[in-house]
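Following: one structure in structure tokens, then a few remarks.
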Amino acid sequence: MEKTNQQKVKDFLINNGVIIVMFILVIYTGFTSDNFFTSNNLMNILMNMSARLVIALGIAGCVITAGCDLSAGRTIGLGACLSGMLLQRMDYSGKFFPNMEPMNVFLVAIIVMAICAAFGTVTGFFIAYLNVPPFIATLAMMEIVYGLGLMITGATPLGGYVKEYTNVANGKFLGINYLIWIAIVVAAVTWFIFNMTRHGKYMYAIGGNPQAAEVAGVPVKKTLILIYMKAAAMYGLAGFMFGAKAGGASIQTGYGYEMEAIAACTIGGVSVTGGRGKVSSAIIGVAVFELLKVALQYLGVDANAQYVAIGIVIFVAISLDIRKYIAKK
């Protein structure tokens with residue numbers, strides 16, 4: 001039975017309720033608070049979004065295959081610490097490698113992404129070949145990465161970075177911060193992978209029905225490994241970005257960001273039931289979360305109460321996603 005226009009409008013309002021409410025909140029905040037609708041505030045929001053978008057784009061592939069990645073936050077912390085170790089000044093008293101010259105910033109980013117990708121490959125192997133549920137496999141990897149990070153750093157914060165590294169966060173090209181450019185490039189590459197490659201088609205097929213995909217000739221195991229490897233590489237890049245922005249890092253950097261990234265993907269339209277989601281979904285979700293945080297700050301909401309608001313948003317977003325899945329069935 002075909003839906004009436006009124007039913008379609010009702011479904012649209014319900015399914016996108018979180019985004020609509022956030023939009024209204026942002027408009028209200030803008031008209032009741034000074035300096036909200038300014039170019040500086042917009043740039044700050046985009047800066048805060050940049051690394052979180054990279055995380056969300058990585059985790060989106062896992063969610064599209066009806067999986068998850070609980071190791072993201074700890075991998076970010078490891079990536080931030082590894083970046084810091086290789087980019088400390090020679091005259092810094094707390095230098096991790098006292099006799100080692102700081103490496104090239106671009107090379108460090110590649111090295112960190114490769115190391116983190118190795119952990120993602122192991123996770124993907126256990127999920128693909130040993131049929132370990134993604135929740136359990138990534139939970140185990142979360143503990144492994146965290147433990148290794150504590151052992152490597154001695155639970156000591158890092159600092160004293162070379163100017164070339166901190167300039168990744170402070171420098172600009174065409175008036176736009178480098179961190180934002182990095183996020184744009186990652187988003188463009190991810191869009192190409194999702195929409196223009198066999199890997200992307202395989203990913204959606206696995207999310208829709210892994211058994212049917214395997215029968216159809218999709219290399220399910222190889223694809224899953226690549227998805228988790230690619231995601232972990234992005235977490236490493238995000239850690240690199242966070243370290244540059246903060247001018248320091250610890251193994252706690254990125255703690256809990258995986259939950260926010262999963263929620264952001266869901267809000268934007270990446271389904272936790274698998275098979276659905278776009279790059280734009282991650283962008284929308286991350287924007288909603290950042291705008292929510294900034295709006296609550298401008299409205300003077302207690303910092304602790306903001307966690308409650310974010311939790312409610314996550315509850316509602318997941319509920320609406322399940323509602324859409326049930327309605328589709």
Review point. Can you list the residues that meet the side-chain contact (heavy atoms from CB on, under 4.5 Å) rule with P133, with sequence neighbours excluded?
Key: I136
Review point. Any donor and acceptor pair, going by atom type alone, linking the side chain of Y228 with main-chain N or O of G61 inside 3.5 Å?
Key: no
Check your understanding: Looking just at side-chain N and O atoms, do S71 and D69 make a donor-acceptor pair shorter than 3.5 Å?
Key -> yes
**Study point:** S250 side chain vs P157 backbone, donor-acceptor pair below 3.5 Å
**Key:** no
Point to revise | Test item: N167 side-chain N/O and N170 main-chain N/O as donor-acceptor pair under 3.5 Å | key: no
Point to revise | Check: Q88 main-chain N/O paired with K95 side-chain donor or acceptor under 3.5 Å | key: yes
Review point. Where the side chain of Y165 meets the backbone of A244, is there a donor-acceptor pair that is under 3.5 Å apart?
Key: yes
Exercise for review: May I ask you to decide if G200's main-chain N or O and N195's side chain share a donor-acceptor pair within less than 3.5 Å?
Suggested key: no
Review point. Shortest non-hydrogen contact from L158 to G84?
Key: CD2-C, 4.0 Å
Exercise for review: Can you measure from CD1 (I55) to CD (E258) and round to the nearest 0.5 angstrom?
Suggested key: 9.0 Å
**Study point:** Any side-chain donor near an acceptor of the partner, R52 and Y257, under 3.5 Å
**Key:** yes
Check your understanding: Within the distance-only criterion (no hydrogens, no angle test), does the side chain of S281 pair as donor or acceptor with the backbone N or O of G277 below 3.5 angstrom?
Key -> no
Point to revise | Nonpolar side-chain network containing F106, other nodes, edges under 4.5 Å | key: I110
